[in-house]
Amino acid sequence: MQKKNIVPMEHFNIGEFNRGQSSKLIRGLVDEDKTAFILKNGKPLAVVLSYERYERLLAKGIDINDC
């Protein structure tokens, strides 16, 4: 079995969202089909992913709401 290369997620500080950058940051993630951590004081607070990526997870039987 071939191992899949794991690429680290991007990360953004919560301050970027508080300064009105949230729309731009989310659009960038959606356009590039990426996920990202949102950090507060250097610690992960949340993960953002596109709706399409979420749909792909559901199609594979992975429901992140059940974890």
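One-based numbering along the sequence shown.
The CG atom of Leu58 sits 5.5 Å away from the CG atom of Asp63 when rounded to the nearest 0.5 Å. Here the straight-line distance linking atom CG of Leu49 with atom CD1 of Ile64 works out to 5.5 Å at 0.5 Å rounding. One finds the CE atom of Met9 at 10.5 Å from the CG atom of Leu29 (value rounded to the nearest 0.5 Å). For the atom pair OG (Ser50) and CZ (Arg56), the distance works out to 6.0 Å, reported to the nearest 0.5 Å. Interatomic distance, CD of Glu52 versus CG of Asp33, reported as 7.5 Å (0.5 Å rounding). The distance from the CD atom of Glu10 to the CD atom of Glu32 is 6.5 Å, given to the nearest 0.5 Å.
A 6.0 Å sphere centred on CZ of Phe37 holds no more than 12 heavy atoms belonging to other residues, nucleotides or ligands. Asn18 CG: more than 12 foreign heavy atoms inside a 6.0 Å radius.
Counting heavy atoms from C-beta on, the side chains of Pro44 and Ile38 never come closer than 4.5 Å.
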*Please assess Tyr54 against Asn65 for the test side-chain contact (heavy atoms from CB on, under 4.5 Å), listing each intermediate value before the final yes or no.*
CA-CA 11 Å; Tyr54 176 70; Asn65 293 307; 3.2 Å; yes

_One pair to check against side-chain contact (heavy atoms from CB on, under 4.5 Å): Thr35 and Val48. What are the steps and the verdict?_
CA-CA 6 Å; Thr35 56; Val48 178; over 6 Å; no

_Go through it in stages, so that I can follow the logic: the residues are Asn13 and Lys40, the test is side-chain contact (heavy atoms from CB on, under 4.5 Å), and I'd like the CA-CA distance, side-chain angles, deciding distance and then a yes or no._
CA-CA 6 Å; Asn13 292 314; Lys40 181 175 182 179; over 6 Å; no

